[in-house]
S.K.: 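Okay, here's the structure, questions in a sec.
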Amino acid sequence: MRIAEAELHTVALPLLTPFRTSLGTQTVRRALLVRVRGSDGEEGWAECVADDEPTYSPEYLEGAADLLRRFLLPALFAVPRLDPAGVAPALAHLRGHPMAKAAVETAVLDAVLKARGLSLAAYLGGVRPSVRVGVSVGIAATLDDLLDTVDRHVSAGYARIKLKIEPGWDLEPVRLVRETFGSGLMLTADANTAYAPADARHLARLDAYGLALLEQPFAPDDLHGHARLAARMDTPICLDESITSARAATAAIRARACSVINIKPGRVGGYLEARRIHDLARAADVPVWCGGMLETGLGRAANLALASLPGFTLPGDISATARYFERDLTAPVELTGDSITVPDGPGTGVAPDPDALTAFTTEPPVRVTPAR
Ligand code: OSB
Ligand code: MG
């Protein structure tokens, strides 16, 4: 295809409950949507996972929109026969910004696959019609509130509970949830870089609670610190923020900094790089799972496709609409048992519902066209 025009839409979806992590508290999911139209009328949509503020990663929503408008889309307009695999190479001379790059690559994938009648899951090599999923549970105001929230998600059927932790909210909530829900509950903890290597002895006390993994305790670039912690803990160490590319994944595995990887397509520059990480992790016997960024139904549909690949053996952070929003941007995503069905329609299998798009849009869409 040749991209004939693109649009950037900004939406805001109120979260049903505030989401607190060691990085801050979110009450609304603002999201940047990219729509591309090809010269043959193909149309594709994608969601950029950049947050409002550059706290989880250096990218942020307005920055991603600016970059897409000024640099990424113009670089792609110049490519006459663009296929999905050509997007990343055409943008490689522009440094960084994996989330913005992932969004435009995904929109191109959606457009091309919709035109070909092929689902993203089939294109990526998915092998499962549905995937087991978990919930990421934020830091609560009280331990009672936490137990109520976990109880609600366990009762709903989720296959795994992940507790957000930070200094002052770690051993006690983990112990209490383990004690209350028993050893049958698959439980993990995510620190979002809130600790330093000097906390290793404290973190090692988490070994008492049978966590399936501990996610990203230290800074993104501290592979050595994670390797030292991994050597002293029984709990498997999983990296999220550190894994920014297939090369970073290889380095982390070689350094023994992790034995599990959280793959987020936005963080690594797109679904094709995400698949490369899946492939290399699988070859190294490192289990992977699909992370989440509080995406709307648009982003979660694509994540479900990725999570259907064979190496995604742990439940992902891809929850049902009811976990996040009163109303979604797409048809609601539903939980069946402990799983969600992988969309099998062409492309991501979804598109924004026009009424929902109108209702959630916060500013006029920005139209981007080739200079003439
Ligand atoms: O670290 O996995 C994380 C959300 C925003 C930023 C970082 C993370 C998260 C989550 C939410 O844990 C997972 C979800 O989308 O349900
Ligand atoms: Mg994480």
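In listed order, ligands and their atoms are each counted from 1. Excluded from the calculations below are hydrogen atoms, water molecules and symmetry mates; all remaining heavy atoms, backbone and side chain alike, are included.
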S.K.: Looking only at distance, does Met293 have an N or O less than 3.5 Å from an N or O of ligand 1?
M.R.: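 So ligand 1 has an N or O lying under 3.5 Å from an N or O of Met293.
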S.K.: What is the closest protein heavy atom to atom 1 (O) of ligand 1, and at what distance does it sit?
M.R.: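 Protein heavy atom with the smallest distance to atom 1 (O) of ligand 1: Asn192 ND2, 2.7 Å.
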S.K.: Any salt bridge linking Glu42 with Lys114? Criterion: basic side-chain nitrogen under 4.0 Å from a carboxylate oxygen.
M.R.: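 No.
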S.K.: Can you tell which part of Asp240 has a heavy atom less than 4.0 Å from ligand 1: side chain, backbone, both or neither?
M.R.: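 The part of Asp240 near ligand 1 is the side chain, not the backbone.
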S.K.: For Glu215, counting its heavy atoms only, list the atoms of ligand 1 lying under 4.0 Å from any of them.
M.R.: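 Checking each atom against Glu215, I get 2 (O).
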S.K.: Judged by modelled atom types alone, do Asp344 and Ser119 share a side-chain donor-acceptor pair under 3.5 Å?
M.R.: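 No pair is found: no donor N or O on one side chain lies under 3.5 Å from an acceptor on the other.
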S.K.: Could you identify the single nearest non-hydrogen protein atom to atom 7 (C) of ligand 1 and state the distance to 0.1 Å?
M.R.: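 In this structure, atom 7 (C) of ligand 1 has Lys264 NZ, 3.4 Å as its nearest protein heavy atom.
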S.K.: Do the side chains of Arg160 and Asp338 get close enough for a salt bridge, i.e. N-O under 4.0 angstrom?
M.R.: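 Between Asp338 and Arg160 there is no salt bridge, as every charged N stays at least 4.0 Å from the carboxylate O atoms.
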S.K.: Does even one non-hydrogen atom of Arg300 get within less than 4.0 Å of ligand 1?
M.R.: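 Heavy atoms of Arg300 never come under 4.0 Å of ligand 1.
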S.K.: Going by heavy atoms, is Gln216 under 4.0 Å from ligand 1?
M.R.: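 Checking ligand 1 against Gln216, which is what was asked, there is no heavy-atom contact under 4.0 Å.
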S.K.: Among protein heavy atoms, which sits nearest to atom 9 (C) of ligand 1, and what does the distance come to when rounded to 0.1 Å?
M.R.: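 Ranking protein heavy atoms by distance from atom 9 (C) of ligand 1, first comes Gly292 O, 3.5 Å.
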S.K.: Which pair of non-hydrogen atoms, one from Gly134 and one from Ser319, has the smallest distance, and what is that distance?
M.R.: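 Minimum heavy-atom contact is O-OG, 2.9 Å.
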S.K.: Considering only heavy atoms, does Asp190 approach ligand 1 within less than 4.0 Å through its side chain, its backbone, both, or neither?
M.R.: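 The answer is the side chain.
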S.K.: Identify the protein heavy atom lying closest to atom 15 (O) of ligand 1, giving its residue, its atom name and the separation to 0.1 Å.
M.R.: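 Looking only at protein heavy atoms, the one closest to atom 15 (O) of ligand 1 is Leu294 N, 2.7 Å.
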S.K.: Less than 3.5 Å apart, any donor N or O on the side chain of Gln26 or Asp52 sitting next to an acceptor on the other?
M.R.: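 No.
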S.K.: Would a line drawn from the ring center of Trp45 to the ring center of His9 be shorter than 6.0 Å?
M.R.: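 Between His9 and Trp45, which both carry aromatic rings, the centre distance is below 6.0 Å.
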S.K.: Any idea which part of Lys162 is under 4.0 Å from ligand 1, heavy-atom wise: side chain, backbone, both or neither?
M.R.: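 Side chain only; the backbone of Lys162 stays clear of ligand 1.
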S.K.: Hey, are Glu43 and Arg37 close enough for a salt bridge, meaning a charged N less than 4.0 Å from a carboxylate O?
M.R.: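 Not counted as a salt bridge, because no side-chain N and carboxylate O are separated by less than 4.0 Å.
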S.K.: Any salt bridge between Arg175 and Glu179, counting N to O under 4.0 Å?
M.R.: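 Yes, this pair counts.
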S.K.: Could you give me a count of protein N/O/S atoms that are under 2.8 Å from the Mg ion (ligand 2)?
M.R.: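 Near the Mg ion (ligand 2), the number of protein N, O or S atoms below 2.8 Å is 3.
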S.K.: Where is the nearest protein heavy atom to atom 14 (C) of ligand 1: which residue, which atom, and how far?
M.R.: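 Result for atom 14 (C) of ligand 1: Tyr324 OH, 3.5 Å.
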S.K.: Given Arg30, which partner from the list Glu47, Glu53, Glu62, Glu295 fulfils the salt bridge (Lys or Arg N to Asp or Glu O under 4.0 Å) test?
M.R.: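 By the salt bridge (Lys or Arg N to Asp or Glu O under 4.0 Å) criterion, Arg30 pairs with just one of Glu47, Glu53, Glu62, Glu295: Glu62.
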S.K.: Do ligand 1 and Ser136 have nitrogen or oxygen atoms that lie under 3.5 Å from each other?
M.R.: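 Such a contact does occur with ligand 1.
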S.K.: Using the ring of Phe312 (Phe, Tyr or Trp, six-membered ring only), decide whether Arg132 places NZ or CZ under 6.0 Å from its centre and within 45 degrees of its axis.
M.R.: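 Relative to the ring axis of Phe312, which defines the angle, Arg132 lies outside at least one limit.
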S.K.: Strictly by modelled atom types, are Asn303 and Tyr271 linked by a side-chain donor-acceptor pair under 3.5 Å?
M.R.: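 Result is yes, a qualifying pair exists.
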S.K.: With backbone taken as N, CA, C and O and side chain as the heavy atoms from C-beta onward, which portion of Arg323 lies under 4.0 Å from ligand 1: side chain, backbone, both, or neither?
M.R.: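 Contact part for Arg323 vs ligand 1: neither.
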S.K.: For the salt bridge (Lys or Arg N to Asp or Glu O under 4.0 Å) test, which of Lys164, Lys162, Arg267 pairs with Asp240?
M.R.: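 Output: one option passes, namely Arg267.
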S.K.: Do ligand 1 and Gln26 have nitrogen or oxygen atoms that lie under 3.5 Å from each other?
M.R.: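 No: no nitrogen or oxygen of Gln26 is under 3.5 Å from one in ligand 1.
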S.K.: Do Gln216 and Asp190 pair up side chain to side chain, a donor and an acceptor below 3.5 Å, judged on atom types alone?
M.R.: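 There is no such pair between these side chains.
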